[in-house]
Amino acid sequence: MAILLDLSVQQPEELAQGDGQSFASEAMWCDRLQAWLEDLSPEEIPQGQHPPLGYELCLRFTDDSEICQLNRQYRHKDQPTDVLAFAAMECEIPQISAALPLSLGDIVISLDTAQRQAQRLGHSLDSELTWLAAHGFLHLLGWDHPDDESLAVMLQRQVQLLACVEIAVNLDLPLILSNTAP
C-alpha cells in the first residue's frame, strides 16, 4: 500500500541553518510514513468498501505564529501547540465505487515548538519531529486521548512507530504529560 505525501515547509531561517541535516526531505518522510503503514494491523488501517490504492496526507512544517492561528481557529485555544491533525475521515470512511487513494488528512507541526521540546527532552529535532508526526498520523487514523490512560496507550504506539524507523525515544510519561497539560 503506497503513501502519497504532500510536504510543505515554512522553515524559519534559524532552523534552516542547523546541523546540515534536512528535516524537510519528502523522500525521508514518505519512507517513514510507508514504514508506519506497513506496521499497522488491518484493524488500524481505514479500508472502506474497496481497498484503496494508497493513502494521501499533507505534512506541513510551520512556525508558532501560524500554528497559533490554526489552534485559535479550530480548537479555540489562543496559543501555539506542537502538532495539529485534521483528519479527513472524522466520522466514517467515504464509500467509493472504485479503488482510489484515500485521503487521511493534514498534519501541521510547529518547528519552533518542536525545537524547544527537543532541547527540553534532550533529543534531536529529527526525533521530536518524527515523534510529533507519528502522533498526528495516529490522530488521522482515529486515535484520540481524552484522558491520561488513552494518552499513555497512544504514546506507546508512537514509540512502536518510531522503532519502525529506527528512532529510539525515552518515553518519560510523567514528563510528557506535564508538557501536554492544557
Side-chain angles (χ1 to χ4, degrees), residues 1-40 44-45 54-71 79-87 104-141 143 145 151-181:
M1 197 68 55
I3 186 131
L4 306 170
L5 177 65
D6 176 14
L7 179 68
S8 67
V9 178
Q10 179 183 2
Q11 188 172 358
E13 285 187 30
E14 60 272 11
L15 291 175
Q17 305 298 320
D19 60 5
Q21 292 186 336
S22 175
F23 57 85
S25 163
E26 191 164 320
M28 178 189 74
W29 286 106
C30 277
D31 288 347
R32 289 178 179 176
L33 291 162
Q34 188 67 46
W36 294 346
L37 275 176
E38 291 169 6
D39 188 66
L40 295 172
E44 292 177 300
I45 300 177
Y55 296 92
E56 297 175 333
L57 70 86
C58 175
L59 177 61
R60 178 169 175 79
F61 295 112
T62 189
D63 57 19
D64 275 351
S65 175
E66 182 180 58
I67 209 162
C68 183
Q69 289 176 329
L70 293 169
N71 206 20
Q79 61 191 40
T81 188
D82 50 5
V83 59
L84 293 172
F86 300 96
L104 296 177
D106 302 331
I107 300 169
V108 183
I109 296 174
S110 169
L111 290 168
D112 298 325
T113 300
Q115 181 71 32
R116 288 190 302 272
Q117 289 179 173
Q119 289 172 349
R120 187 173 46 244
L121 297 170
H123 55 234
S124 69
L125 177 60
D126 182 52
S127 294
E128 184 66 18
L129 293 174
T130 307
W131 174 260
L132 295 173
H135 191 83
F137 180 69
L138 290 174
H139 274 299
L140 296 185
L141 296 176
W143 289 66
H145 48 84
L151 178 59
V153 171
M154 190 169 173
L155 295 177
Q156 289 292 341
R157 189 66 175 111
Q158 285 176 238
V159 170
Q160 294 169 349
L161 292 177
L162 266 65
C164 289
V165 294
E166 300 179 359
I167 295 177
V169 292
N170 180 15
L171 183 59
D172 184 344
L173 198 53
L175 180 60
I176 292 172
L177 291 174
S178 71
N179 286 328
T180 58

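We number each residue from 1, following the sequence as shown.
Under the rule for a salt bridge (charged side-chain N to carboxylate O under 4.0 Å, His left out), the partners of Asp64 that lie at least two apart in sequence or sit in another chain are Arg116. By the side chain to side chain donor-acceptor pair (under 3.5 Å) test, Glu128 pairs with Gln117, His123, sequence neighbours left out.
Within the 4.5 Å cutoff, the side chain of Leu70 has no heavy atoms near those of the Thr62 side chain. Between Leu151 and His135, some side-chain heavy-atom pair lies under the 4.5 Å cut-off. With a 4.5 Å cut-off on side-chain heavy atoms, Ile107 and Trp29 do not count as touching. Contact check for Asp112 versus Ile67: no side-chain heavy atoms found under the 4.5 Å cut-off. Side-chain contact check for Trp131 versus Val83: every heavy-atom pair is 4.5 Å or farther apart.
Asp31 contributes no side-chain N or O that, together with a main-chain N or O of Gln34, makes up a donor-acceptor pair within less than 3.5 Å. At distances below 3.5 Å, not a single donor-acceptor pair connects side-chain atoms of Asp82 with backbone N or O atoms of Thr113.
Separation of atoms CD (Glu44) and CG (Leu141) is listed at 7.5 Å; rounding is to 0.5 Å. Rounding to the nearest 0.5 angstrom, the gap separating the CD1 atom in Ile167 from the OG atom in Ser124 is 7.0 Å. Expressed to the nearest 0.5 Å, how far CG of Asn71 lies from OG1 of Thr81 amounts to 5.5 Å. Expressed to the nearest 0.5 Å, how far CZ of Phe137 lies from CG of Leu37 amounts to 4.0 Å.
Taking each heavy atom of Asp126 and Met28 in turn, the nearest pair found is OD1-CE, 4.0 Å. Ala133 and Ile109 get closest at one heavy-atom pair: N-CD1, 3.7 Å. The two residues His139 and Ala87 come nearest to each other via the heavy atoms O-CB, 4.2 Å. Gln158 and Leu138 make their closest contact through CG-CD1, 3.8 Å (heavy atoms, listed as atom of the first residue, atom of the second, distance). Smallest separation of non-hydrogen atoms from Cys164 and Ala35: O-CB, 4.4 Å. When all heavy atoms of Ala134 and Leu162 are compared, the pair lying nearest together is CB-CD1, 3.7 Å.
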Open item on the list: Show, in sequence, the C-alpha distance, side-chain angles and deciding distance for Leu111 and Leu129, and conclude whether the side-chain contact (heavy atoms from CB on, under 4.5 Å) test is met.
Closed with: CA-CA 8 Å; Leu111 290 168; Leu129 293 174; 3.8 Å; yes

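Remark: aromatic rings of Trp36 and Tyr55 are distant, center separation not under 6.0 Å.
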